[in-house]
Amino acid sequence: MWQKLFRFLSLTGLLNFSRLLNLLKLYLAHRRAIFSGKVQLLPPYAISLELSSICNLKCPQCPVGLGEINREKKMMDTRFAMDQISRFARHGIVVNFYFQGESLLHHDFFKIASFSTSKKLYTILSTNGTMINKKMAEKIVDSGIQKLIISVDGLNQATYEKYRSGGNAEKVWEGIRLIRDARQEKHSVWPKIVVQTLVNRYNQNELGSIKKKALMAGADNTLFKTMQIYIDHENWLPDDKKYSRYSGKELRKKAKGHCFRAFSGIVISADERFLPCCYDKQASHDLGHGIKNFDKIVRSPARKKFLQQIYETQTMHEICENCPEAMRVYK
């Protein structure tokens, strides 16, 4: 109980007047855009930084794992990443370290993450967890990251490697325990440890056991997420429709006429492309490549044109075809 209270109190320090005002403006502008079709560009409350477009796994439903990413494979420039965080911090609240690659592969990850938390930004890392050892666990706690999402898609190696090809399940479970131990040793409430499982045909009968094992290992919470599928739907879809976002090969429900994700966020790829959302995996809607001025991108004609198509013409983009914005993906 005290841990939850301390977390709540510490998070209130992230919400200054400027950030709260911008968040309110975003909400009101979004509602107005839904009803009137008129788009007002405002600073996003969240950004996602792809520090690495490279991954150490080959997951069969991931564009990186499938080898289908047509962008340059690289690490984001450290100075560029910190500059964008600094500019974002004036009005923003949440920094997400994830998009397509594995962020922990970046040689300056902890420098960038610590910079983000020093700017009083709610900082989230989503990782496959395969690289976490004792030293790295200590660095994660020291960085001040508030939320750590670790992907665990199977109770044991046989199930886990069906999706996390090239990964070691026990090493990931051990990583969770190491984070818990480092947190306790340093008397820190951060990061909040979340174990996330992509529910599929192979692990659907293990969910209860995964949750139990995760909590025993030190996780604060478990999330069961519906899985994004590109190919071989019939081989991956779970039997329980509650854990599937598809009916056959089509989304059960598609967003139409609005998208708060794109309205309120920005994604920056490793090769310094500013993108409208995390479903633009191939950077087909590049809002600005190599432009250093974050504020210029936020209010750019390209971003406005992207949003206007959604709100004014009620026409979604092609990247929206596999986006579950209209559904609850966490169960």
Next on the checklist: Taking Arg328's backbone N and O only, do any of them form a donor-acceptor pair with Arg245's side chain (distance below 3.5 Å, no angle check)?
Outcome noted: no

Checklist outcome for this item: Scanning both residues in full, the closest heavy-atom pair of Ser244 with Leu237 reads OG-CD2, 3.3 Å

Checklist entry - Is Ser126 reaching over with its side chain to a backbone N or O of Tyr98, donor-acceptor style, under 3.5 angstrom? => result no

Checklist entry - Distance-only, no hydrogens or angles: does the Asn200 side chain make a donor-acceptor pair with backbone N or O of Trp236 under 3.5 Å? => result no

Next on the checklist: To the closest 0.5 Å, what do you measure between CD (Gln100) and SG (Cys55)?
Outcome noted: 9.5 Å

Item to check | Test side-chain hydrogen bond (donor to acceptor under 3.5 Å, both in side chains) applied to Gln196 and Tyr330, step by step | outcome: CA-CA 9 Å; Gln196 177 178 280; Tyr330 293 104; 3.3 Å; yes

Checklist entry - Okay, side chain of Arg19, backbone of Gly92: is any donor-acceptor separation there less than 3.5 Å? => result yes

Checklist entry - Does Phe88 reach the side chain of Ile266, with side-chain heavy atoms less than 4.5 Å apart? => result no

Next on the checklist: Are there over 12 heavy-atom neighbours, none belonging to Tyr230, within less than 6.0 Å of that residue's OH?
Outcome noted: yes

Checklist entry - So do the side chains of Phe115 and Lys111 get within less than 4.5 Å of each other, counting heavy atoms only? => result no

Item to check | Salt bridge flag under 4.0 Å for residues Asp295 and Arg90 | outcome: yes

Checklist entry - Taking the side chain as C-beta and beyond, is there a heavy-atom pair between Phe294 and Ile47 under 4.5 Å? => result yes

Checklist entry - Hey, does the side chain of Arg164 reach the backbone of Val152 with a donor-acceptor pair shorter than 3.5 angstrom? => result no

Checklist entry - Should Tyr45 and Leu15 be counted in the same cluster of Ile, Leu, Val, Met, Phe, Trp and Tyr side chains packed under 4.5 Å apart? => result yes

Checklist outcome for this item: side-chain hydrogen bond (donor to acceptor under 3.5 Å, both in side chains) test vs Tyr311 passes for just one of His258, Arg32, His30, namely His30

Checklist entry - Just by modelled atom types, is the Asn203 backbone N or O under 3.5 Å from a matching donor or acceptor in the Thr159 side chain? => result no

Next on the checklist: Is it true that Asp271 and Ser269 share a donor-acceptor pair across their side chains at a distance under 3.5 Å?
Outcome noted: yes

Checklist entry - Can you name the nearest heavy-atom pair linking Leu42 to Val298, along with the distance? => result O-CG1, 3.5 Å

Checklist entry - Same cluster or not: are Ile193 and Trp173 linked, directly or through other Ile, Leu, Val, Met, Phe, Trp or Tyr residues, by side-chain heavy atoms under 4.5 angstrom apart? => result yes

Checklist entry - Hey, is NZ on Lys162 packed in by over 12 heavy atoms from elsewhere, all under 6.0 Å? => result no

Item to check | Short N-O contact, Lys135 and Glu138, less than 4.0 angstrom | outcome: no

Checklist entry - Can you check whether Asn128's main-chain N or O pairs, donor with acceptor, with Glu102's side chain at less than 3.5 Å? => result yes

Item to check | Enclosure of Lys186 NZ (heavy-atom neighbours >12, cutoff 6.0 Å) | outcome: yes

Next on the checklist: Are Tyr202 and Asn235 packed together at the side-chain level, in the sense that at least one heavy-atom pair is separated by less than 4.5 angstrom?
Outcome noted: yes

Next on the checklist: So His106 and Phe97, do their side chains get closer than 4.5 Å, heavy atoms only?
Outcome noted: no

Checklist entry - With a cut-off of 6.0 Å (strictly less than), are more than 12 heavy atoms of other residues, nucleotides or ligands near NZ of Lys120? => result no

Next on the checklist: Between Asp220 and Lys192, does any NZ, NE, NH1 or NH2 come within less than 4.0 Å of an OD or OE carboxylate oxygen?
Outcome noted: no

Checklist entry - Hey, are the side chains of Ile150 and Val172 touching, using non-hydrogen atoms and a 4.5 Å cut-off? => result yes

Item to check | Distance-minimising heavy-atom pair for Arg299 and Leu41 | outcome: NH1-O, 2.9 Å

Checklist outcome for this item: Between Ile112 and Ala81, the two heavy atoms sitting closest are CD1-CB, 4.0 Å

Checklist entry - Hey, are the side chains of Thr197 and Tyr160 touching, using non-hydrogen atoms and a 4.5 Å cut-off? => result no

Checklist entry - Can you check whether Leu198 reaches Gln61 side chain to side chain, under 4.5 Å on heavy atoms? => result no

Next on the checklist: Whether the side chain of Ser53 engages the backbone of Lys74 through a donor-acceptor N/O pair (distance < 3.5 Å, no angle test) should be reported.
Outcome noted: yes

Checklist entry - Which atom pair, heavy atoms only, marks the closest approach of Tyr246 to Ile229? => result OH-N, 2.9 Å

Checklist entry - Quick one: CG on Asn133 to NZ on Lys171, what's the gap to the nearest 0.5 Å? => result 7.0 Å

Checklist entry - His285 vs Phe306 aromatic rings, parallel, tilted or perpendicular, using cut-offs 30° and 60°? => result perpendicular

Item to check | CE (Met327) with more than 12 external heavy atoms under 6.0 Å | outcome: yes

Item to check | Presence of salt bridge, Glu321 and Lys249, under 4.0 angstrom | outcome: no

Checklist entry - Are Phe109 and Val267 joined in one hydrophobic group, where the rule is that I, L, V, M, F, W and Y side chains link up if heavy atoms are under 4.5 Å apart? => result no

Next on the checklist: Nearest 0.5 angstrom please: Ser116 OG to Ile145 CD1, how far?
Outcome noted: 8.5 Å

Item to check | Step-by-step side chain to side chain contact (heavy atoms under 4.5 Å, CB included) determination, Tyr163 to Cys62 | outcome: CA-CA 10 Å; Tyr163 186 70; Cys62 171; 4.2 Å; yes

Checklist outcome for this item: Here the pair of heavy atoms bringing Val199 nearest to Phe224 is CG2-CB, 3.8 Å

Checklist entry - Is there a donor in the side chain of Asp83 and an acceptor in the side chain of Ser86, or the other way round, less than 3.5 Å apart? => result no

Next on the checklist: Tell me whether Glu206 contacts the main-chain N or O of Leu155 through its side chain, where contact means a donor paired with an acceptor under 3.5 Å.
Outcome noted: yes

Next on the checklist: Please report the interatomic distance CG(Leu105) to OG(Ser52), rounded to the nearest 0.5 Å.
Outcome noted: 5.0 Å

Item to check | From Arg273 atom CZ to Gln282 atom CD, the distance as rounded to the nearest 0.5 Å | outcome: 10.5 Å

Checklist entry - Val95 and Met76: same hydrophobic cluster, using ILVMFWY side-chain contacts below 4.5 Å? => result yes

Checklist entry - Taking the six-membered ring of Tyr243, is the NZ or CZ of Lys241 close enough (under 6.0 Å from the centre) and on axis enough (within 45°)? => result no

Checklist entry - Would the number of heavy atoms belonging to other residues, nucleotides or ligands and lying under 6.0 Å from NZ of Lys25 be above 12? => result no

Item to check | Step-by-step side chain to side chain contact (heavy atoms under 4.5 Å, CB included) determination, Glu325 to Tyr279 | outcome: CA-CA 10 Å; Glu325 178 72 7; Tyr279 275 82; over 6 Å; no

Next on the checklist: Exactly one of Leu14, Ile124, Leu125, Val94 should register a side chain to side chain contact (heavy atoms under 4.5 Å, CB included) with Gln146. Which one does?
Outcome noted: Leu14

Checklist entry - In terms of side-chain heavy atoms, does Gln204 have a donor or acceptor partner in Asp239 at a distance below 3.5 Å? => result yes

Checklist entry - Met75 and Met131: same hydrophobic cluster, using ILVMFWY side-chain contacts below 4.5 Å? => result yes

Checklist entry - Looking only at atom types and distance, does a side-chain atom of Asp77 sit under 3.5 Å from a main-chain N or O of Phe80, one as donor and one as acceptor? => result yes

Next on the checklist: Using a 6.0 Å cut-off, check whether atom CZ of Arg252 has over 12 heavy atoms from anything other than its own residue.
Outcome noted: yes

Checklist entry - Do Ser284 and Asp280 have side-chain N/O donor and acceptor atoms under 3.5 Å apart? => result yes

Checklist entry - How many angstroms lie between atom CG of Leu287 and atom NZ of Lys304, to the nearest 0.5 angstrom? => result 14.5 Å

Checklist entry - Do Asn56 and Thr130 have side-chain N/O donor and acceptor atoms under 3.5 Å apart? => result yes

